[in-house]
Amino acid sequence: MEVPKCQFGLDSKIVSPYNLLGMIKNFFRTQKRVIIGCGVFWAFILLVLFSLLLTYRRSLPSLAQLENYEPSLITRVYAADGEELKEYYKEKRVLVPLKDMPPYLLNALLATEDRKFHRHWGVDLHRIAGALWADVKAHRLVQGASTITQQLARTLFLTPRRTFSRKVKEVLTAIRIEKTYSKDEILQMYLNQNYFGNGAYGVGAASQVYFSKEVRDLNIAECALLVGLLKAPSKYEPFDHPQRALRRRNLVIKSLLTWGKISQSKADSLKALPLELNPNVEAKGEAPYFTELVRRYLEKKYGEEMLYRGGLSVYTTLDLQMQRAAEEAMQRNLNKLQAKIERAHPLTDTVYTIPLPDSTNEGEEREYKKVQGALVAIEPGTGFIKALVGGRDFTESEFNRVTQARRQPGSAFKPFVYTAAVDNGFKPTDIIYDTPIVLNDEKRGLWRPENYDHIFKGPTTLRTALALSRNVVSIKLLEKLTPRQAVFYAHRMGIKTPLRAVPSLAIGTSEVIPLELVSALAVFPNQGVRIDPIYITRITDREGNILEENSPYKEEVLNEQTAYIITNMLESVMNRGTGYGARRRGFRRPAGGKTGTTDNFTDAWFVGFTPQLVAGVWVGFDDLTPLGEGETGARAALPIWTDFMLAAHRGLPVKDFPVPPGISFVDVCAESGLLPTKRCPKVVKEVFIKGTEPTQRCNLPHNIPKEVHPSQPKGGTPSEEIHF
C-alpha cells in the first residue's frame with residue numbers, strides 16, 4: 001500500500017513523514033555537536049585564562065591594593081564663615097557619591113560604554129569577539145571591547161599603552177575588581193577616577209569646570225556631554241573644539257535613544273540644544289598671602305602628597321569681609337603714596353628706580369620701585385588672625401612681610417618700655433625731664449638722642465611722653481629701668497626675635513617681625529593675657545576625621561591692673577597724641593595705639609586696638625629706601641589702619657575697655673600729677689593702682705617755661721617718635 005505523501009513546503013520540495021523524522025534526528029545530532037563544541041571552546045577559554053592568571057598574577061594589583069585604593073582629592077581651605085578660599089591639588093578631583101549622581105548620567109554612561117555592565121563579570125566575551133572581527137575586516141584597530149570595569153582597571157593600575165600583556169592584565173584585574181566590589185561601587189569609582197579634560201579628574205570636578213554646578217544639578221544634555229568626553233578628552237574638549245564636542249554629545253544622546261532610555265521626540269529636542277557651557281574661571285584665590293601661609297604649614301606638617309592629593313579640609317580663622325577691607329585699604333593708600341613718591345622723583349633718580357630686566361646698557365630703561373605694606377588683624381580674646389595682607393601684590397612678590405620681614409619698629413616699641421615701668425611701680429603721673437642727654441652707645445659711641453621736632457619740653461609726665469612720643473623721656477625711662485627689663489617684658493608678651501639690650505632699644509632700633517609685634521600688643525586689650533596667633537582652627541581628612549584642632553592657649557603675662565593702665569595711656573595716643581589722625585578720619589570708638597617711624601623715614605608703623613580687634617600696619621620699601629621727608633607712621637601707616645578699622649567694625653557694638661578691680665581714678669594737676677589746687681590751670685582724671693594714688697598737693701607756681709630750644713647738637717638725628 002502506498003504511503004500518502006504530505007506536502008510541507010520545505011525548500012519547495014515534498015517531504016514524507018519518514019524524511020521529516022530523519023531530519024529531526026540529524027538536527028539533534030548537530031545540536032549535540034554544537035553543545036560539545038561550545039563546551040570545548042569555553043573550557044579552552046577558561047584554560048587560557050587560568051594559564052594567563054598563573055603567568056601574570058605576580059604583576060597584578062593585589063586585593064589589598066584594591067581595598068586600600070584612595071583617589072587623589074582636592075585639599076580645600078575655608079574662611080571662618082565656611083566660604084572657600086583656595087584649592088590645592090595635582091589632579092583636580094571632587095569625590096561624589098553615586099547617590100548624588102542623576103540617573104540619566106549613569107544611563108548615558110552605560111548606553112555609550114557598556115550596556116551589559118550589570119550582566120557581565122568584568123569581561124564581555126561576545127563584545128571582544130565582535131571587536132576582533134571588525135578589526136580583522138578593517139585590517140586595523142577600529143573598535144574597542146573594554147567594559148567599564150576593564151577601563152577602570154586600566155585607569156587605576158595600568159598604563160594606556162596598547163600591548164598584549166597590558167590587555168591580559170586588564171582583563172584579569174577587571175575580574176578581580178568585580179569579585180571585590182559591587183556594581184554600584186565600580187560605577188562610583190569609574191566616574192570619580194576618569195579624566196574629563198581641563199585638569200578635571202572625576203565627574204565632580206568636571207561639572208564645576210564646564211558648568212559651575214554640582215553633579216546632582218546636571219541636566220541630560222550636560223550629562224551626555226561629560227560622558228562623551230571620556231572617549232578622548234583632548235579631542236572633544238568643548239572650549240577648544242565645540243563642534244566636535246557637540247557631535248559627540250549628540251552621539252551619546254542617540255545611544256540613549258537606541259537603548260530605549262529616552263523617546264525620539266526627547267532625543268530630537270536634546271540634539272537641538274547648544275552646548276550651553278558655563279566655565280568656572282578659577283582666580284588666584286582669596287587672601288593669597290594668608291592661604292600661602294596655610295599651604296606652607298600643611299606641606300611642612302603633612303607632606304606634599306597629603307597636601308596635593310589627600311583631600312584635606314582646612315578651616316581657618318580668616319574673616320573674609322575684614323580681609324577684603326584690609327586689601328582695599330592697603331591698595332588705595334599705597335597707590336596714593338606711590339604716586340606721591342613718583343611725582344617727587346624723576347625716572348633718572350637711581351635711588352627710587354631700578355633698571356628694567358630687559359633693558360640694555362646703551363639705552364637703559366628704568367621703572368619705579370614699589371612701596372610695600374603689611375597688615376595683620378587679630379582678635380585679642382582668641383588670638384585668631386582675622387585679616388592678613390603681606391604685600392601690595394602677591395603675583396609680583398610672594399614674600400610675606402607680616403610673617404617674614406624683620407624691620408625696626410621705631411616708637412611702636414615704646415609700650416614695652418612703659419609696661420616695664422608701670423609694672424615696677426611707676427605711675428602715669430610720674431615726671432621725667434625732657435632735656436638734652438648724652439649717652440655712650442655701644443654702636444655709635446657718644447650719642448645725643450633727639451626728639452622729632454628738635455624741641456625739649458622740660459618736665460613731662462609719662463602719659464604725655466607716651467602720647468606725644470617723646471624720645472628723650474622714653475630713653476631716660478629705660479635707663480632708670482635698665483634695657484634688660486624692657487627686653488624681658490617684650491619677650492614675655494610675645495616678641496620672639498632677639499633684642500639688643502641697649503639704650504636705643506627705647507626707640508625701637510632692634511628689628512621685629514610685624515606679626516609678633518601686633519600679637520604682643522594684643523596683651524593690653526586682653527587684660528594681660530597672651531595668646532599666640534592662630535590661623536587654623538581645624539583640619540579633617542577625606543573621610544571627615546579630625547586630624548587637628550587648635551584652640552587658644554592663654555597665659556597671663558601681666559597683671560590686669562598694669563595692662564589696663566597701659567591701655568588707658570595708649571588711648572591718650574589716639575585722643576590727643578600722634579594717633580589723633582584716626583579721630584580726624586572718623587574713627588571714634590574707644591581705642592589705643594602707637595605710631596612708629598624709623599631713621600630717615602625708612603619704616604612707618606601704626607599698631608592699634610579696640611576691645612574687639614588689634615591691627616598693625618607697616619609701610620616701607622623692601623630695600624630700606626626712605627619713604628620721603630615727613631612720611632611718619634602717622635602719615636603713611638595710620639590712614640591704612642583707620643580705613644581698615646572703620647570697615648572691620650561696621651556692625652559691631654561699641655565697647656569700652658573693662659576696668660579691672662584694684663583700679664582707682666583721681667583728679668590731678670595735669671602738669672605735676674599731684675592733687676590739684678585752685679591755682680592749677682588744668683585738672684585731669686588720672687588712673688592709678690589702688691594704694692599708689694598721690695597724697696601731696698600740687699606746689700607748682702605754673703609760670704615755669706615748659707619748652708627748651710637748644711641749638712642743634714652736632715651728630716644729632718631727628719626722630720619722629722623714634723629715630724634711629
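Residue indices begin at 1 and follow the sequence shown.
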**Study point:** Polar side-chain atom of K86 near backbone of R76 as donor-acceptor pair, under 3.5 Å
**Key:** no
Revision key, fill the gap. The reported gap from CG in N333 to CD in E328 (rounded to nearest 0.5 angstrom) is 11.5 Å
Check your understanding: Is E396 salt-bridged to K370, going by a charged N under 4.0 Å from an acidic O?
Key -> no
Exercise for review: Report yes or no: do R115 and T258 form a side-chain donor-acceptor pair below 3.5 Å?
Suggested key: yes
**Study point:** Value rounded to 0.5 Å, distance of NZ in K271 from CG in D268
**Key:** 6.5 Å
Point to revise | Ionic contact status for R324 with E286, cut-off 4.0 Å | key: yes
Study note, to complete from the structure: Here the gap from N107 atom CG to K261 atom NZ, rounded to the nearest 0.5 Å, amounts to 5.0 Å
**Study point:** Check: G311 main-chain N/O paired with Y88 side-chain donor or acceptor under 3.5 Å
**Key:** no
Check your understanding: Is a side-chain donor-acceptor pair under 3.5 Å present for Q151 with S146?
Key -> no
Check your understanding: Taking atom OH of Y190 and atom CZ of F117, what is their separation to the nearest 0.5 Å?
Key -> 10.0 Å
Point to revise | Rounded distance (nearest 0.5 Å) linking atom CG of L375 with atom CH2 of W618 | key: 12.5 Å
**Study point:** Any side-chain heavy-atom pair of I536 and T317 under 4.5 Å
**Key:** no
**Study point:** Candidate list L257, L256, I253, I220, test side chain to side chain contact (heavy atoms under 4.5 Å, CB included), partner K266, passing option
**Key:** I220
Review point. Is the closest side-chain heavy-atom distance between L187 and L110 below 4.5 Å?
Key: yes
Review point. Is it true that a side-chain atom of Q323 and a backbone atom of L388 form a donor plus acceptor pair closer than 3.5 Å?
Key: yes
Practice item. Scan residues 246-257 for pairs that pass side chain to side chain donor-acceptor pair (under 3.5 Å), counting only residues two or more places apart or in two chains. Key: none
**Study point:** Considering all heavy atoms, the nearest L105-C223 contact
**Key:** CB-SG, 3.6 Å
**Study point:** CG on L191 to CG on L98, rounded to 0.5 Å
**Key:** 7.5 Å
Review point. Is there side-chain contact between Y302 and L547, with heavy atoms separated by less than 4.5 Å?
Key: yes
Check your understanding: Below 4.5 Å, heavy atoms only, C-beta onward: do L226 and F211 meet side chain to side chain?
Key -> yes
Exercise for review: If the plane angle is over 60° it's perpendicular, under 30° parallel, otherwise tilted; pick one for Y210 and F239.
Suggested key: tilted
Check your understanding: Any Lys/Arg nitrogen of E113 or K231 sitting under 4.0 Å from an Asp/Glu carboxylate oxygen of the other?
Key -> no
Practice item. Please report the shortest heavy-atom distance between T316 and A79, naming the atom on each side. Key: OG1-CA, 3.7 Å
Exercise for review: Indicate yes or no for a side-chain donor-acceptor contact from Y104 to the backbone of L218 under 3.5 Å, with no hydrogens or angles considered.
Suggested key: yes
Review point. Of all residues at least two apart in sequence or in a different chain, which pass the side-chain hydrogen bond (donor to acceptor under 3.5 Å, both in side chains) check with D622?
Key: R401
Review point. So, the side chain of N400 versus the backbone of Q404: is there a donor-acceptor pair under 3.5 Å, distance only?
Key: no
Check your understanding: Taking the six-membered ring of Y315 as reference, does the NZ or CZ atom of R538 fall below 6.0 Å from its centre and within a 45° cone about the axis?
Key -> yes
Review point. Between the side chain of R244 and the main-chain N/O of P238, is any donor-acceptor distance below 3.5 Å?
Key: no
**Study point:** K386 backbone acceptor or donor facing D319 side chain under 3.5 Å
**Key:** no
Study note, to complete from the structure: Between L613 and I378, the two heavy atoms sitting closest are CD1-O, 3.5 Å
**Study point:** Student check: side-chain heavy atoms of P102 and V215 closer than 4.5 Å
**Key:** yes
Check your understanding: Are I534 and I385 close enough that some pair of their side-chain heavy atoms sits under 4.5 Å apart?
Key -> no
Check your understanding: Does a side chain donor of either E237 or S234 reach within less than 3.5 Å of an acceptor in the other side chain?
Key -> no
Exercise for review: Using a strict cut-off of less than 4.0 Å between a Lys/Arg side-chain nitrogen and an Asp/Glu carboxylate oxygen, indicate whether E548 and K301 qualify as a salt bridge.
Suggested key: yes
Exercise for review: Kindly indicate, with the supporting measurements, whether the criterion side-chain contact (heavy atoms from CB on, under 4.5 Å) is fulfilled by R542 and L95.
Suggested key: CA-CA 9 Å; R542 65 174 65 211; L95 191 62; 5.5 Å; no
Practice item. Would you please test T353 and E367 for side-chain contact (heavy atoms from CB on, under 4.5 Å) and show each step? Key: CA-CA 5 Å; T353 63; E367 65 178 355; over 6 Å; no
Point to revise | Verdict with reasoning, L312 to L307, per side-chain contact (heavy atoms from CB on, under 4.5 Å) | key: CA-CA 7 Å; L312 301 176; L307 169 62; 5.7 Å; no
Review point. What's the verdict on side-chain contact (heavy atoms from CB on, under 4.5 Å) for E178 and I186, showing C-alpha distance, side-chain angles and the deciding distance?
Key: CA-CA 8 Å; E178 290 273 350; I186 292 171; 3.8 Å; yes
Review point. Any donor-acceptor pair under 3.5 Å linking the side chain of R309 with the backbone of E305?
Key: no
Review point. Do P233 and F196 touch side chain to side chain, with heavy atoms closer than 4.5 Å?
Key: no
Study note, to complete from the structure: Closest non-hydrogen atoms of A200 and Y195, given as atom of the first, atom of the second and distance, are O-CD1, 3.3 Å
Practice item. Give a yes-or-no answer on whether the side chains of Q338 and Y368 include a donor-acceptor pair shorter than 3.5 Å. Key: no
Review point. Within the distance-only criterion (no hydrogens, no angle test), does the side chain of E185 pair as donor or acceptor with the backbone N or O of S182 below 3.5 angstrom?
Key: yes
Practice item. Given ring pair (Phe, Tyr, Trp, His ring centres under 6.0 Å), test Y89 with Y308 step by step and report yes or no. Key: CA-CA 4 Å; Y89 54 87; Y308 292 107; 8.5 Å; no
Revision key, fill the gap. Between V96 and G204, the two heavy atoms sitting closest are CG2-CA, 3.6 Å
Point to revise | Residues E292, R295; criterion salt bridge (Lys or Arg N to Asp or Glu O under 4.0 Å); working and verdict | key: CA-CA 5 Å; E292 175 63 10; R295 188 197 67 80; 2.9 Å; yes
Check your understanding: Between D217 and K213, is there a donor-acceptor pair closer than 3.5 Å when you use the side chain of the first and the backbone of the second?
Key -> no
Review point. Does the side chain of V376 come within less than 4.5 Å of Y535's, by heavy atoms?
Key: no
Point to revise | Closest non-hydrogen atom pair, A329 against D643 | key: CB-CB, 3.8 Å
